[in-house]
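Just so we're on the same page: letters track the sequence lines, and every chain starts at 1.
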Amino acid sequence: MSILVNAQTTFIVQGITGREAVNLTRECLDYGAGAKIVGGVTPGRLGREVHGVPVFDTVAQAVAHHGGPIDGSVVTVPPAFTKDAVFEAIVNGIKLIVIVTERIPRRDVAQMVELANMHDARIIGPNCLGIIVPDVIKMGGIGGPAKDAAKAYSPGSIGVISRSGGMTTEMSSTLTAAGMGQSTAVSIGGDAIIGSSYAELMPLFEADQQTEGIVIYTEPGGRMEAQLAEWVAENNSRLPIVAFMAGRFMDEMPGMSFGHAGTIVEGKEDTAAEKIVRLAEAGITVAEEISEIPALIQAKIDERIA
Amino acid sequence: MRFYEYEAREIVRRAGIPVTEFGFATTPDEARAAAERIDGPTVIKSQVLSGGRMKAGGVQFADTPQEAADHTVDVLKIEIGGQMPRGVLVDTKADVEQEYYAGVVWDGTAKQPVIIFSPIGGIDIEQVAEDQPDKVGRRHISNLLPLTGFEAKEVIASTGVSGSELNKLTPIVTRLAQLFIDNDMTLAEINPIGRLRDGSFVALDAHMEMENEARGRHKKLLADLGVGDEETREAREPTPFELAGEAVDAEDHRGVAGNVTEFDGNLGLVIGAGGGSLTLFDAVRAHGGKPANYCEIGGNPSVSKTCGLAKLVLQKPGVDKIAVMMSIVSNTRVDIVARGVIKACLELDMDPAEKIAIFRIPGAWEEQGFKILDAYGVEYADRSVSMHEAARRAVEKIGTSG
């Protein structure tokens with residue numbers, strides 16, 4: 001099992017004719033069982049093909065061509081057009097939207113999320129690499145070309161959630177090297193406002209019988225880690241969690257942003273030090289180094305079983 | 001991006017919120033002219049981006065235009081929070097009976113803006129929230145529905161404010177929320193709103209921050225206010241080294257080789273990507289190393305950009321060696337980064353084997369990359385060496401002193 005996507009998931013790529021999107025389409029088609037990419041959308045390019053995927057002017061055309069509802073969309077259009085593309089996807093019945101685009105103003109993101117909530121749809125990102133179920137499907141650029149993704153990711157029982165796309169792969173590769181596979185890895189995006197936070201994905205992992213433990217990558221900035229700590233305290237979760245906190249040096253540099261747009265330290269609650277305390281209070285182990293993660297999560301899983 | 005108070009005041013005024021008569025001055029003569037126009041007692045306020053103006057002597061009171069000019073001479077000389085003032089705000093000394101607080105910020109958890117109001121203004125709102133939580137009202141607003149006014153009314157009424165006070169404050173707070181939305185602000189605060197002796201309400205001080213990513217769609221406002229594209233308005237001004245890093249990154253549009261921040265250590269860093277750089281910078285420090293800089297490579301930059309960044313770091317005074325490290329790459333090509341950093345060494349007549357303490361970038365095109373590094377005798381590592389271990393090896397080579 002997995003969360004969010006599986007071998008049957010159908011999706012489209014909005015902005016499919018862009019350079020990055022063409023590569024991403026190839027990667028997803030090649031990986032695992034081969035993603036069911038049922039169409040691409042670029043206005044004005046109706047009738048073209050990208051790696052055999054038919055291109056449409058509108059999402060509605062893609063849905064009509066498919067002959068039924070489409071599960072998801074990967075959105076790779078420039079920041080100024082992203083809100084329109086996401087609204088179009090939601091209104092046309094798409095329930096899972098992965099937004100790859102960076103540098104979208106947060107008001108636009110907040111509007112997309114609010115519309116998604118009204119339509120029972122879910123957004124992952126923006127500024128993310130997407131979702132991967134090892135050996136089955138990847139939706140987005142996560143892990144890169146199929147052969148590189150296959151090197152880093154392996155099937156197993158650990159759920160991975162990360163604010164950094166690259167670190168999703170680094171952590172998963174470390175788990176794989178230690179013989180621990182992943183149930184699903186989700187790059188949730190590095191912006192201040194994102195579609196799905198740790199706490200918003202936890203119920204899905206909780207319900208996934210394959211998942212036995214969670215590994216998260218965290219950064220300074222925002223309240224997302226505090227929200228996770230609250231969720232864990234309130235829900236008596238069966239899943240042990242190990243976190244890695246990067247950007248500890250930023251605590252000495254308030255008001256400056258490093259790495260991702262969402263990392264700016266604006267208040268006391270935003271700092272790495274404060275977050276580490278909160279996570280620890282909720283029973284979440286904070287690793288000092290990535291290489292410690294496999295042993296830490298294994299020990300916590302063993303503890304639960306014993 | 002933070003606005004100066006005089007700019008924030010102008011934004012508030014344009015939104016239709018009453019403000020006291022004010023002027024911006026960069027010279028004593030301009031301050032005198034503004035005070036003459038105000039025609040009454042004035043307050044001279046230093047225009048800096050940091051707080052703590054009152055304590056530093058950056059706020060002075062003047063009864064006459066000449067006094068306003070004299071105070072301006074003094075205030076312009078005072079450095080506050082490491083910054084010299086851009087000018088002074090010459091403001092009407094208002095006859096205030098009561099002060100209120102109103103602000104709008106993003107709530108990243110609820111993913112909606114939240115309006116905050118308190119009938120206790122003029123002081124730090126965090127403090128009020130701690131001491132008298134029932135005197136602070138909060139309410140989220142929809143991202144999709146238009147603001148109609150009842151939202152602000154509810155927040156204000158929840159703090160016990162009623163009568164004509166409520167009815168006069170509601171449009172002010174509604175307009176504040178509207179300007180927050182219209183201008184892509186991340187913070188819009190009026191503290192305080194003053195009720196004057198004549199019963200009118202005016203904004204007495206304002207604090208505004210606009211989201212950097214949205215600057216492109218507010219070109220007219222920024223031009224009207226005289227905010228240049230080059231003004232980052234970060235917590236501190238960029239150094240020449242950081243500006244040189246920006247120039248390297250701007251060389252072409254392929255990928256990123258920039259986001260340089262200057263530190264004063266001896267180990268130069270050529271690192272990436274976003275999360276990888278944060279992790280590696282911490283890792284170097286955790287092993288006692290002293291980074292000379294922070295930076296980010298990502299999105300497969302050209303050889304020439306990578307070379308430019310590496311040269312900049314190699315030439316930074318005090319840098320003995322560089323460490324070239326990233327988390328596993330899938331988009332950026334290992335061989336391109338390898339080519340870039342070796343080219344940088346060679347062009348500076350430096351031996352890559354000696355200058356590059358370690359190269360740890362696993363991932364796409366790594367075989368080709370490692371072949372190049374082999375040819376120049378550079379120590380490298382694949383994914384079997386952790387990011388922290390790579391950082392440890394780099395620190396070991398350079399020593400922890402210096």
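For A:E200, the part lying under 4.5 angstrom from a heavy atom of chain B is the side chain only. Heavy-atom distances place no part of A:A177 under 4.5 Å from chain B, backbone and side chain included. With a threshold of 4.5 angstrom between heavy atoms, B:A273 does not approach chain A through any atom at all. Heavy atoms of A:M253 lying under 4.5 Å from chain B belong exclusively to its side chain. Neither the backbone nor the side chain of A:K147 has a heavy atom closer than 4.5 Å to any heavy atom of chain B. Interface remark: A:A272 contributes no atoms to any contact with chain B (heavy atom separation under 4.5 Å).
Note that CD1 of A:I290 is 8.5 Å distant from OG of B:S386, once rounded to the nearest 0.5 Å. The line from CE of A:M250 to CZ of B:F281 is 11.0 Å long, rounded to the nearest 0.5 Å. The distance from atom CE of A:M167 to atom OG of B:S277, rounded to the nearest 0.5 Å, is 10.0 Å.
When atom types are taken as modelled, the side chain of A:E170 and the backbone of B:I328 share a donor-acceptor pair closer than 3.5 angstrom. Proximity of a side-chain donor or acceptor of B:N331 to a complementary backbone N or O of A:G144 within less than 3.5 Å is not detected. Panel note: side chain B:E296, backbone A:G259; a donor-acceptor pair is recorded below 3.5 Å. Side-chain N or O atoms of B:D282 include one that pairs as donor or acceptor with a backbone N or O of A:R248 at under 3.5 Å. Looking only at distances, a side-chain donor or acceptor of A:Q111 sits under 3.5 Å from a matching main-chain atom of B:N143.
The existence of a salt bridge linking A:E289 and B:R392 is excluded, since no basic side-chain nitrogen approaches an acidic carboxylate oxygen closer than 4.0 Å.
Residues of residues 188-195 of chain A lying under 4.5 angstrom from chain B, judged on non-hydrogen atoms, are A:A192, A:I193, A:I194, A:G195 in numerical order.
Each of B:R360, B:E126, B:R2, B:E366 has some count of heavy-atom pairs under 4.5 Å with chain A, and the biggest count is that of B:R360.
Side chains of B:L278 and A:Y217 form a contact here, defined as non-hydrogen atoms less than 4.5 Å apart. Between A:S291 and B:H388, every side-chain heavy-atom pair lies at or beyond the 4.5 Å cut-off.
Relative orientation of the A:F258 and B:F263 rings is tilted, given thresholds of 30° and 60° on the angle between their planes.
Counting all heavy atoms, side chain and backbone alike, B:R217 lies closest to A:P105 at NH2-CB, 3.3 Å.
For NE2 of B:H253, the number of neighbouring non-hydrogen atoms (other residues, nucleotides, ligands) closer than 6.0 Å is 12 at most.
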